[in-house]
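Please read these numbers as outputs of a predicted model, since none were measured by experiment. Side chains are part of it too, since the values below use all heavy atoms of this structure and drop only hydrogens, waters and symmetry mates.
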Amino acid sequence: AIRHGGQRVTRGERYVLGAFLLIEDRVEHVRRFKNRGAHYRSQGKLLEAIEQFKYALAINPQCTTCLKDWAEILHVQGDYVGAEHKLRRALELLEYKDSDAWFTLGLVLSEQGLHREEECIDAYRQSLALNDEDAELLYNLAIKIGDRHRRIGCDGIAEEMKLYAR
């Protein structure tokens with residue numbers, strides 16, 4: 001689960017292989033609900049999208065993409081607690097190895113204010129450990145680290161600038 005990316009190619013040729021693993025016998029129904037939810041979401045029909053994700057999760061409570069997509073809707077709606085709950089459940093199911101979920105969790109925690117700042121930075125760092133070439137992630141982490149250092153009055157400009165350079 002790498003957020004919009006891959007690994008840098010330094011020599012040779014790059015081949016991209018896509019695969020979908022269908023493990024449960026009802027996975028096709030879940031996928032259809034999930035895709036319909038994504039379609040409604042793209043049209044701005046957020047309540048209809050949530051309804052589709054609920055149907056998918058009723059069939060398969062371990063549909064991590066449904067949890068993450070629903071969390072993103074809750075984030076947009078300002079329900080940060082609900083979004084955080086869905087993201088943490090998805091991360092648990094994915095053994096904490098999903099850079100996209102960590103990134104979105106960082107966004108959600110950031111929205112909750114300074115009292116969640118350290119958790120936000122930690123979530124971004126977790127995402128970075130899984131995908132170290134995500135420019136948006138590096139930028140967000142640099143901003144958070146810089147803001148924290150300026151607020152507490154210590155010199156953290158080197159770390160901030162290193163992230164911007166990356």
Side-chain angles (χ1 to χ4, degrees), residues 1-8 14-113 115-144 163 166:
I2 294 180
R3 229 178 80 69
H4 307 115
Q7 297 300 314
R8 185 180 310 198
R14 176 187 203 129
Y15 294 91
V16 177
L17 303 175
F20 296 91
L21 302 176
L22 307 178
I23 298 170
E24 300 291 329
D25 60 350
R26 297 181 294 178
V27 103
E28 182 64 23
H29 302 303
V30 173
R31 187 176 64 83
R32 287 179 184 257
F33 284 127
K34 190 271 182 227
N35 290 346
R36 195 174 302 136
H39 175 73
Y40 282 135
R41 181 178 168 208
S42 71
Q43 294 182 326
K45 298 178 179 179
L46 302 183
L47 296 178
E48 291 88 343
I50 288 171
E51 186 174 335
Q52 298 302 309
F53 298 139
K54 284 181 182 178
Y55 293 152
L57 287 162
I59 296 170
N60 179 5
Q62 297 184 4
C63 179
T64 56
T65 56
C66 296
L67 289 165
K68 292 189 301 181
D69 286 357
W70 190 353
E72 289 178 6
I73 290 173
L74 294 171
H75 177 226
V76 168
Q77 292 176 326
D79 180 358
Y80 306 128
V81 173
E84 179 182 350
H85 175 74
K86 301 266 183 271
L87 289 165
R88 289 194 185 278
R89 176 65 181 137
L91 280 164
E92 179 185 336
L93 290 167
L94 294 166
E95 299 178 355
Y96 304 96
K97 295 179 182 174
D98 186 304
S99 66
D100 190 35
W102 280 116
F103 175 84
T104 307
L105 180 60
L107 292 175
V108 167
L109 292 167
S110 178
E111 296 283 357
Q112 294 182 54
H115 70 285
R116 303 301 299 273
E117 183 178 59
E118 289 303 317
E119 291 174 273
C120 168
I121 290 171
D122 182 59
Y124 284 150
R125 287 190 193 282
Q126 294 290 337
S127 182
L128 192 61
L130 296 166
N131 180 14
D132 67 352
E133 295 193 7
D134 183 328
E136 187 178 2
L137 168 61
L138 290 163
Y139 179 76
N140 286 7
L141 181 55
I143 288 172
K144 282 293 173 193
L163 289 164
R166 281 180 64 190

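Residue Gln62 holds its CD atom at 10.5 Å from CG of Leu57, rounded to the nearest 0.5 Å. Summarising the geometry, atom OG1 belonging to Thr64 is positioned 4.0 Å from atom CG belonging to Leu94; distances are rounded to the nearest 0.5 Å. Interatomic distance, Arg31 CZ to Thr65 OG1, rounded to the nearest 0.5 Å: 11.0 Å.
Here the closest heavy-atom approach between residue Val108 and residue Ala83 is recorded as CG2-CB, 3.9 Å. The two residues Lys34 and Ala56 come nearest to each other via the heavy atoms N-CB, 4.4 Å. Taking each heavy atom of Ala71 and Leu87 in turn, the nearest pair found is CB-CG, 3.6 Å. The shortest heavy-atom contact between Pro61 and Leu67 is O-CD1, 4.3 Å.
You'll find the side chain of Ile121 reaches within 4.5 Å of the side chain of Leu141, heavy atoms only. Between His39 and Gln52, every side-chain heavy-atom pair lies at or beyond the 4.5 Å cut-off. No side-chain heavy atom of Arg36 sits less than 4.5 Å from a side-chain heavy atom of Tyr55. For the pair Trp102/Leu137, no side-chain contact is recorded, criterion being any heavy-atom separation below 4.5 Å from C-beta on. Residues Ile50 and Ile73 have side chains in contact (heavy-atom distance under 4.5 Å, counting atoms from C-beta outward). Between Leu130 and Asp98 the shortest side-chain heavy-atom distance does not fall below 4.5 Å. Using a 4.5 Å heavy-atom cutoff, the side chains of Glu84 and Gln112 are in contact. At a threshold of 4.5 Å between non-hydrogen side-chain atoms, the residues Phe33 and Phe53 do not count as touching.
Put simply, the residue from Gln126, Glu119, Arg88, His75 that forms a side-chain contact (heavy atoms from CB on, under 4.5 Å) with Leu105 is Arg88.
Distance alone, capped at 3.5 Å, is enough to place a donor-acceptor pair between the Arg166 side chain and the Asp132 backbone. Side chain of Thr104 to main chain of Asp100: a donor-acceptor pair is present (N/O by atom type, distance under 3.5 Å, no hydrogens or angles). Side chain of Ser127 to main chain of Ser99: a donor-acceptor pair is present (N/O by atom type, distance under 3.5 Å, no hydrogens or angles).
Between Lys54 and Glu51 there is no salt bridge, since no side-chain N of the basic residue sits under 4.0 Å from a carboxylate O of the acidic one.
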Apply side-chain contact (heavy atoms from CB on, under 4.5 Å) to Arg89 and Lys86, showing your working. CA-CA 5 Å; Arg89 176 65 181 137; Lys86 301 266 183 271; 5.8 Å; no
Take Tyr124 and Leu107, measure what side-chain contact (heavy atoms from CB on, under 4.5 Å) needs, and give me the verdict at the end. CA-CA 9 Å; Tyr124 284 150; Leu107 292 175; 3.3 Å; yes
